[in-house]
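One structure is given below, encoded as structure tokens.
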Amino acid sequence: MRFVYLSLIAFATIAANGQDPARLHFDKLNGLDTKARDVVEVNIDGKLLDLAKRVTAKVNDEDAKKVAQAISGLKGIYVRVYNFEKEDEYNVADVDEIRNQLNAPGWEKLANVRSKKNNQKVDVFTMFTGDVMSGVAVVISESKSIALVNVIGPIDIDLLVELSGRLNIPKIDIDTNSKPKPKTDRE
Amino acid sequence: MIAKKGLLFAWALLFLAFSFSPPAAQATKPGGSEYDAIVSHLKSKYRAKKVHIPFMFLARFAVKVVKPAGVKSFNITLFNDLKFSKETLDLEMQEAMRRSFGPEWSSVFHVRSRDGQQAYMYLKEDGKNVKVTVVTVDKEEAAVIRATFSPEKLADFINDPKIFGISLKDDDKKPDTQIDKPKDETKPDTEND
């Protein structure tokens, strides 16, 4: 019973803060704006996603309908890229703090690359709610650059694969048939 | 008869004077403030020279009347000969953006480079319409663009592109839509042979 109360309190706290568990906080990197040579910041959320949903849902086109379906549950896409002039111009601990956020319950490590060349570190994490992917986080750091991508909301991989190669979406070669399927397929 | 003609001419002039009001006259309009603040920042801070766009007033008036693709109004101001320091441009522009765009505006993207390139896009919902403002600085040149459009009308336009009742659909290309359909995968790929 205590667990239920604690869960309810935790849920209420998250709801009150209006924060999604899949949302990463990039606040620690705000100071890099002035240090970096190039900065890219993309925030596609709320209003813009609603707008895209409203337009794509109304367009009488099969691809547009699929895009509308693909983005229907999305809550946000956030990208940060920082390129530096020289090596070690940023504090590695700031990026590690973001990696630490991915140790929170719910996140699962999908890929992890460490290379001594340019001190490259690549981490790809996913969050699942039941069988549905509800978040993706990519953290890439090198000696002269940092790149972060955070996608929040259900992501339909099958639909993305179907849309890939069209509408300027890069071709994704994933064998979606690799999953065990019932024997209803024409084989 | 001549007096009547003169009166008509005067009315026409008055109508034109109000309809084709130059962008500067919009500075006092509420909602135009962020646009004007950025334009003023570029003009005063970097002593930028405004580029004259011929027949701009006519284009703006035409858009206001025709509303193509749901675009209800737009405004463009181009500058050249910007004089800024690469070291301070970044901070100055960020500060100007923060000052100009209130919390009702959502920042869609910022791209900044120390080489003197900057691009900002902001979006705001205004009732059933959406306002978009794009600011770019590329070395010595800058552009401030603002447009107000209706997403519903944009979707209608995509479904049935029409201006003044004239369809813009390329009917000759109708059979080409079949190309988008997946090809017969059972057929062996012999095209490269």
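Order of the sequence lines sets the chain letters (A, B, ...), proteins ahead of strands, with each chain counted from 1.
For the set A/Asp45, A/Asp33, A/Val79, A/Asp50, the count of heavy-atom pairs under 4.5 angstrom toward chain B peaks at A/Asp33. When the candidates B/Asp90, B/Leu91, B/Asp156 are compared by the number of heavy-atom contacts under 4.5 Å with chain A, B/Asp156 comes out ahead. Residue with the most contacts toward chain B among A/Thr56, A/Leu51, A/Ile44, A/Val81: A/Leu51 (heavy-atom pairs, distance under 4.5 Å). Annotation: maximal heavy-atom pairing with chain A below 4.5 Å, among B/Asp115, B/Leu154, B/Leu123, B/Val130, occurs at B/Leu123. Contacts with chain B were tallied for A/Thr34, A/Asn43, A/Val40, A/Val42; A/Asn43 has the most, counting heavy-atom pairs under 4.5 Å.
If you measure heavy-atom distances from B/Tyr120 to chain A, you find no contacts under 4.5 Å at all. Looking at A/Ala36, only its backbone comes within 4.5 Å of chain B, counting heavy atoms on both sides. At a 4.5 Å heavy-atom cutoff, A/Asn83 makes no contact with chain B through either its backbone or its side chain. Proximity to chain A (any heavy atom under 4.5 Å) is shown, for B/Glu152, by both the backbone and the side chain.
Taking the six-membered ring for Trp and thresholds of 30 and 60 degrees, A/Trp107 and A/Phe125 have ring planes more than 60 degrees apart, a perpendicular arrangement.
Between the side chain of A/Asn150 and the backbone N or O of A/Val136, at least one donor-acceptor pair lies under 3.5 Å.
Rounding to the nearest 0.5 Å gives a distance of 7.5 Å between OH of A/Tyr82 and CD1 of A/Ile146.
Between A/Asp123 and A/Arg114, at least one side-chain N (NZ, or NE/NH1/NH2) sits under 4.0 Å from a carboxylate O, which counts as a salt bridge. Salt bridge present: B/Lys83 and B/Asp81 bring a charged side-chain N and a carboxylate O closer than 4.0 Å.
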| message | Show, in sequence, the C-alpha distance, side-chain angles and deciding distance for B/Ser113 and A/Asp38, and conclude whether the side chain to side chain donor-acceptor pair (under 3.5 Å) test is met. | response | CA-CA 4 Å; B/Ser113 162; A/Asp38 309 311; 3.0 Å; yes

| Residues A/His25, A/Arg23; criterion side chain to side chain donor-acceptor pair (under 3.5 Å); working and verdict | CA-CA 7 Å; A/His25 301 282; A/Arg23 174 84 195 257; 5.8 Å; no

